[in-house]
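Written out below as structure tokens is the structure these notes cover.
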Amino acid sequence: ADTGAVDALRASEGARAIARRLEEEATLERMLAALVRSSGAAGLQEVGCRRIALLALRSRRKCRGVLETGGTSAVLDLLRREKRAGGAAAGGASPRATLAILDTPRLLRFALNALLNLSVEENNQRWLAKHGVRALVALMGTPALRSRADEPWQMLVGLLENLSANDANR
């Protein structure tokens, strides 16, 4: 027998076993959620969001895996995170809060794309309807998203349409 072919076959079987184990443990989904949670590292957050968006296209099972490992929540948290503008207003009023994601348009686009792709799966639809609609509507009302022709606006509309497609959300 050709020992090179046997060695290649064993290596291939070993690689498949490792891939199966990683899939069973949802290791990739956990790693991507951790990237999205990388506070103050927009580049890592962008990579996490982009990869979640691509992973969500592979299968609805992968979408569920992202939800179960906290990836959907991590992406939504990016859209909800506020920053404080200025100090206390005159008269003792609290400072005005703005959405931090608006300072990073690329990250905004990647996060919306991830949620849009995840929103085709029914568990993500229910979760996002319960936990995300308020944040999504607030984002739609920001001056940065005034133009309905812009890609972020279109992704938000598609995301909300996907959520409304689930009977449990009506």
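Worth knowing before you read on, the calculation uses all heavy atoms, side chains too, and leaves out hydrogens, waters and symmetry mates.
- The distance from atom CD1 of I52 to atom CG of N117, rounded to the nearest 0.5 Å, is 10.5 Å.
- No path of Ile, Leu, Val, Met, Phe, Trp and Tyr side chains, each step under 4.5 Å between heavy atoms, connects L159 with L57, placing them in separate hydrophobic clusters.
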query = Under the side chain to side chain contact (heavy atoms under 4.5 Å, CB included) criterion, do L32 and V66 qualify, and how do the steps go?
reply = CA-CA 8 Å; L32 294 175; V66 170; 5.9 Å; no
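- Across C63 and A56, no two heavy atoms sit closer than the pair SG-O, 3.4 Å.
- For R81, there are no side-chain hydrogen bond (donor to acceptor under 3.5 Å, both in side chains) partners, not counting sequence neighbours.
- A side chain to side chain donor-acceptor pair (under 3.5 Å) check over residues 160-170, counting only residues at least two apart or in different chains, returns the pairs S119-N162, Q125-N166, D167-R170.
- Contact detail for I101 and L78: the closest heavy-atom pair is CB-O, 3.7 Å.
- To the nearest 0.5 Å, the span separating CZ on R30 from OG1 on T69 amounts to 6.5 Å.
- Here L102 contributes atom CG and E82 contributes atom CD; the two are 11.0 Å apart, rounded to the nearest 0.5 Å.
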Would you tabulate the side-chain donor-acceptor contacts of residues 106-113 under 3.5 Å, counting partners in other chains and residues two or more places apart, or write 'none'?
residue: R106; atom: NE; partner: E46; partner atom: OE1; Å: 3.3
residue: R106; atom: NH2; partner: E46; partner atom: OE1; Å: 2.8
residue: R109; atom: NE; partner: E151; partner atom: OE1; Å: 3.4

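- For N124, the side-chain hydrogen bond (donor to acceptor under 3.5 Å, both in side chains) criterion is met by T72, E121, not counting sequence neighbours.
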Side chain to side chain contact (heavy atoms under 4.5 Å, CB included) between L79 and L115, intermediate numbers included = CA-CA 10 Å; L79 298 179; L115 291 180; 3.5 Å; yes
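- In terms of heavy atoms, A74 sits closest to A33 at CB-O, 4.1 Å.
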message = As a quick check of understanding, evaluate side chain to side chain contact (heavy atoms under 4.5 Å, CB included) for E122 and R60, giving each step before the final call.
response = CA-CA 9 Å; E122 58 272 0; R60 291 182 186 226; 4.1 Å; yes
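- Pairing each heavy atom of S38 with each of Q45, the nearest pair is O-NE2, 3.1 Å.
- No donor-acceptor pair closer than 3.5 Å links the side chain of R51 to the backbone N or O of L35.
- Residue L145 holds its CG atom at 5.0 Å from CG of L139, rounded to the nearest 0.5 Å.
- Without hydrogens or angle criteria, T142 side chain to A138 main chain gives no donor-acceptor distance under 3.5 Å.
- Residues satisfying the ring pair (Phe, Tyr, Trp, His ring centres under 6.0 Å) test with W127, not counting sequence neighbours, are H131.
- A single hydrophobic cluster is not seen to contain both L54 and M31; linkage of ILVMFWY side chains at heavy-atom distances under 4.5 Å, directly or through other members, places them apart.
- Residues V120 and L128 do not share a hydrophobic cluster, clusters being chains of Ile/Leu/Val/Met/Phe/Trp/Tyr side chains in contact below 4.5 Å.
- Residues forming a side-chain contact (heavy atoms from CB on, under 4.5 Å) with A135 (at least two apart in sequence, or on another chain): L76, R80.
- Atoms CZ and CG, from R61 and L55 in turn, are 9.5 Å apart once rounded to the nearest 0.5 Å.
- When all heavy atoms are compared, the tightest approach of C49 to V36 is N-CG2, 3.7 Å.
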